[in-house]
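Everything below concerns the one structure shown next.
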Amino acid sequence: MAKTIAEQASDLRMATFRLARRLRAERAENELSDGQLSVLFGLRAAGTHTLGELAERERVSAPSMNRTVNCLEESGYLTRVPDATDKRKANIQLTDAGVAIVKATVTKRDAWLHHQLRALDPADRETLAKAADLMRRLATQ
């Protein structure tokens with residue numbers, strides 16, 4: 001008997017979460033939390049942000065984001081640069097070390113996924129390539 005759309009949705013959600021969790025485990029620096037890595041990846045993708053913008057982007061409170069930024073700053077992964085027009089604001093940007101940790105984590109995750117894909121037969125890899133396209137489209141709707 002064919003699964004209902006609700007059952008298919010549940011299966012897709014669970015498979016997506018499991019794969020995402022497994023990929024998150026592949027990181028260049030094990031001392032960083034998922035939240036800290038998310039901030040670094042966000043800054044790499046979207047560029048400099050204020051503390052408030054980062055908090056909004058990550059859907060956390062400003063005090064929580066301040067603690068995260070302080071920790072990442074102490075570790076040398078990002079820096080606060082005074083805003084040129086509003087001295088009360090600081091713009092948060094990645095340092096070279098922050099860029100390097102993001103790149104190294106992406107490389108490690110891609111390598112793990114590459115290894116896993118090589119173990120599949122070509123038809124399954126083609127199915128996953130099509131699924132990736134569909135998932136990308138779902139995510140942008």
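- Sequence neighbours left out, the pairs with a member in residues 5-19 that pass salt bridge (Lys or Arg N to Asp or Glu O under 4.0 Å) are Lys3-Asp11.
- No more than 12 heavy atoms of other residues, nucleotides or ligands shown are found within 6.0 angstrom of CD1 on Ile5.
- Using modelled atom types, no side-chain atom of Ser10 and backbone atom of Ala6 make a donor-acceptor pair closer than 3.5 Å.
- Other members of the cluster containing Leu37 are Leu32, Val39, Leu40, Phe41, Leu43, Leu51, Leu54, Val60, Met65, Val69, Leu72, Tyr77, Leu78, Ile92, Leu94, Val99, Ile101, Val102, Val106, with ILVMFWY side chains joined at under 4.5 Å, either directly or via other members.
- Every pair passing salt bridge (Lys or Arg N to Asp or Glu O under 4.0 Å) that includes a residue from residues 26-36 is listed here, sequence neighbours excluded: Arg22-Glu26, Arg24-Asp34, Arg27-Asp34.
- Partners of Leu138 according to the side chain to side chain contact (heavy atoms under 4.5 Å, CB included) rule, which considers only residues two or more places apart in sequence or in another chain, are Leu12, Gln141.
- Judged as a side chain to side chain donor-acceptor pair (under 3.5 Å), and not counting sequence neighbours, the contacts of Glu73 are Arg80.
- Separating the OG1 atom in Thr105 from the CG atom in Leu23 is a distance of 11.5 Å, to the nearest 0.5 Å.
- Here CG of Asp110 is found 13.0 Å from NZ of Lys108. Values are rounded to the nearest 0.5 Å.
- Scanning for side chain to side chain contact (heavy atoms under 4.5 Å, CB included) contacts around Arg88 gives Asp86, with sequence neighbours left out.
- The side chain to side chain donor-acceptor pair (under 3.5 Å) search around Asp124 returns none, not counting sequence neighbours.
- The two atoms that bring Ala97 and Gly76 nearest to each other are CB-O, 3.5 Å, heavy atoms only.
- Distance check: Cys71 SG to Glu74 CD gives 6.0 Å after rounding to the nearest 0.5 Å.
- Judged as a side chain to side chain contact (heavy atoms under 4.5 Å, CB included), and not counting sequence neighbours, the contacts of Ser33 are Gln36.
- Scanning both residues, Ala104 and Ala28, for their nearest heavy atoms gives CB-CB, 3.5 Å.
- Partners of Thr140 under the side chain to side chain donor-acceptor pair (under 3.5 Å) rule, at least two apart in sequence or in another chain, do not exist in this structure.
- Looking at residues two or more places apart in sequence or on another chain, you find a side chain to side chain contact (heavy atoms under 4.5 Å, CB included) between Leu128 and Leu117, Leu120.
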(request) Before giving the answer on side-chain contact (heavy atoms from CB on, under 4.5 Å), spell out for Lys130 and Thr127 the whole-Å C-alpha distance, their side-chain angles and the decisive distance to 0.1 Å. (result) CA-CA 5 Å; Lys130 290 177 183 176; Thr127 298; 5.9 Å; no
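- Using a distance-only test at 3.5 Å, with no hydrogens or angles considered, a donor-acceptor pair links the side chain of Asn70 to the main chain of Asn66.
- Counting side-chain heavy-atom gaps under 4.5 Å among Ile, Leu, Val, Met, Phe, Trp and Tyr, Val81 is found in no cluster with other residues.
- Remark: Leu19 CG to Gln116 CD distance equals 9.5 Å, nearest 0.5 Å.
- Within 6.0 Å of the CG atom in Asp121, the count of heavy atoms belonging to other residues, nucleotides or ligands exceeds 12.
- Counting only residues at least two apart or on different chains, no salt bridge (Lys or Arg N to Asp or Glu O under 4.0 Å) pair has a member in residues 44-60.
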